[in-house]
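I have placed the structure first, in the form of structure tokens, so that the comments after it can refer back to it.
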Amino acid sequence: MQANEARETPSAGGTVLVSGATGGIGTALVEALIRKGRTVVALGRDADRLAELSDEHSLVRPLRADLRHPESLADVVADLPELAELDAFVHCAGVSPVASVADSPADLWWEVLAVNLVSAAELTRLLLPALRANRGHVVLVNASPGLHAVPDWSAFAASKAGLSELAGSLRQEEGPHGVRVTSVHPGATATELLREVRGAFGRDYDPAACIQPATLARAVVQALDLPRDAQITELHLRPGP
């Protein structure tokens, strides 16, 4: 190999932990990763759907957890046998209630921040020893490019702003340890969650006009497989013209 040739991250082997694995984006990502020969630790709350994923795919290891309670995650991953081979963590989980500040009690804020932000930080903290050892990758699936203050969506927007800052800080902290960090900002993606959000806002939902979950999953896998001499720091996707 010539000195100036990029050494590619292997597309087969290794283990990826995917949170929110039973959602629309998470399921598509699990399927995309196993097609590349990766073992996937599929973390989610829906035990039945996790069982289905593991029954359908021999490379899937189900891991049940409730991200509304980040303080429980240390026990969940403590004895995970796949940790030694872990080379990536992708946070796909998210909740997106539509409510004004006046109609958002503390319990709503705690749930949104716990699932969308604090659980991402806590899982990253717990997985960092393995990710450092394997020169791994953290991918945080965020929200639409340019998302900012949105009436009736304050808790969601705030959590995603925090997730962006988490990615930036983590990238600077963990770069010396060889850990790459990518923040993914997809536009409207055809999921049941988007259907619910559009309905709550009184807007039409046309899945054909949205990014497909499989397309977003493909973009994440490509970021993971990028040669090690570079990293995608932010990945912005919008629906096609």
Side-chain angles (χ1 to χ4, degrees), residues 7-65 67 73 76-77 80-94 119-120 123-124 126-128 130-142 163 167 170 178-186 189-193 211-228 230-235 237:
R7 188 177 67 181
E8 293 193 8
T9 301
S11 59
T15 298
V16 182
L17 190 149
V18 177
S19 65
T22 58
I25 295 171
T27 297
L29 180 59
V30 169
E31 293 171 349
L33 288 166
I34 62 174
R35 283 196 297 271
K36 299 285 282 186
R38 301 262 198 166
T39 297
V40 179
V41 178
L43 186 151
R45 194 174 61 175
D46 187 336
D48 292 338
R49 182 59 187 137
L50 287 174
E52 289 175 8
L53 281 173
S54 62
D55 289 343
E56 293 167 1
H57 307 293
S58 61
L59 290 175
V60 172
R61 308 288 185 263
L63 186 64
R64 190 166 183 266
L67 298 185
L73 295 174
V76 171
V77 304
L80 195 63
E82 291 82 7
L83 272 183
E85 303 299 324
L86 187 76
D87 59 12
F89 163 50
V90 184
H91 184 69
C92 287
S119 62
L123 282 169
T124 299
L126 295 168
L127 301 175
L128 270 177
L131 293 170
R132 288 173 174 174
N134 295 321
R135 292 175 58 82
H137 202 146
V138 176
V139 178
L140 303 176
V141 178
N142 205 294
L163 195 64
L170 183 67
V179 177
R180 300 192 290 188
V181 179
T182 301
S183 185
V184 181
H185 297 263
T189 305
T191 63
E192 186 59 33
L193 181 60
I211 299 168
Q212 300 304 301
T215 302
L216 175 53
R218 181 176 178 180
V220 171
V221 171
Q222 289 174 340
L224 292 173
D225 282 348
L226 193 73
R228 284 226 49 101
Q231 66 176 318
I232 296 174
T233 56
E234 288 193 358
L235 179 59
L237 298 94

Step by step, work out the side-chain contact (heavy atoms from CB on, under 4.5 Å) result for Val184 and Leu216. CA-CA 9 Å; Val184 181; Leu216 175 53; 3.9 Å; yes
Value rounded to 0.5 Å, distance of CG in Asn134 from OG1 in Thr15: 9.0 Å
Side chain to side chain contact (heavy atoms under 4.5 Å, CB included) filter on Val221, not counting sequence neighbours, yields Leu29, Ala32, Leu33, Lys36, Asp225
Nearest 0.5 angstrom please: Leu86 CG to Leu128 CG, how far? 10.0 Å
Looking at CG of Leu83 and CG of Leu131, how far apart are the two atoms once the value is rounded to the nearest 0.5 Å? 9.0 Å
Has the side chain of Arg64 got a donor or acceptor atom that lies under 3.5 Å from a matching backbone atom of Leu50? no
Could you go through the side-chain contact (heavy atoms from CB on, under 4.5 Å) check for Gln222 and Ile232 one step at a time? CA-CA 10 Å; Gln222 289 174 340; Ile232 296 174; over 6 Å; no
What residues, two or more places apart in sequence or in another chain, satisfy ring-ring contact (aromatic ring centres under 6.0 Å, His included) together with His185? His236
Going from CZ on Arg35 to CZ on Arg218, what distance comes out if it is rounded to the nearest 0.5 angstrom? 9.5 Å
Considering only heavy atoms from C-beta outward, does the side chain of Pro213 approach that of Thr27 to under 4.5 Å? no
Nearest heavy-atom neighbours spanning Pro62 and Ser54: CD-CB, 3.7 Å
Given 3.5 Å as the limit, does a donor-acceptor pair link the side chain of Arg61 with the main chain of Pro81, or not? no
Between Leu67 and Leu73, is any pair of side-chain heavy atoms under 4.5 Å apart? yes
Quick one, Val77 with Leu63, criterion side-chain contact (heavy atoms from CB on, under 4.5 Å). Give me CA distance, side-chain angles, the key distance, then yes/no. CA-CA 8 Å; Val77 304; Leu63 186 64; 4.3 Å; yes
Side chain to side chain donor-acceptor pair (under 3.5 Å) against Glu85, all qualifying residues, sequence neighbours excluded: none
Any chance you could lay out the side-chain contact (heavy atoms from CB on, under 4.5 Å) test for Thr215 and Thr189, step after step, and finish with the verdict? CA-CA 9 Å; Thr215 302; Thr189 305; over 6 Å; no
Under 4.5 Å between any side-chain heavy atoms of Arg132 and Val179, yes or no? yes
From Asn142 CG over to Ser183 OG, what is the distance, rounded to the nearest 0.5 angstrom? 4.5 Å
Here the pair of heavy atoms bringing Arg180 nearest to Pro227 is NH1-O, 3.0 Å
For the student: nearest non-hydrogen atoms of Arg228 and Gly178, plus distance: NH2-O, 2.9 Å
Could you go through residues 40-48 and list every donor-acceptor pair under 3.5 Å that involves a side-chain atom there, pairing it with any protein atom two or more places apart or in another chain?
{"residue": "Asp46", "atom": "OD1", "partner": "Asp48", "partner atom": "N", "Å": "3.2"}
{"residue": "Asp46", "atom": "OD1", "partner": "Arg49", "partner atom": "N", "Å": "3.1"}

Return the CD to CG distance between Glu234 and Leu140, rounded to the nearest 0.5 Å. 11.0 Å
Are side-chain heavy atoms of Leu17 and Leu80 found at a separation under 4.5 Å? yes
Those residues at least two apart in sequence (or on a different chain) that pass side chain to side chain donor-acceptor pair (under 3.5 Å) with Thr182 are His137
Minimum heavy-atom distance between Leu53 and Ala21, given as atom pair plus value: CD1-O, 3.7 Å
Over all heavy atoms of both residues, which pair between Ala120 and Phe89 is shortest? Give the atoms and the distance, please. O-CE2, 3.8 Å
Work out which heavy atom in Gly14 is nearest to a heavy atom in Asp87; give both atom names and the distance. CA-OD2, 3.5 Å
Just to verify, what does Ser119 make a side chain to side chain donor-acceptor pair (under 3.5 Å) with, not counting sequence neighbours? none
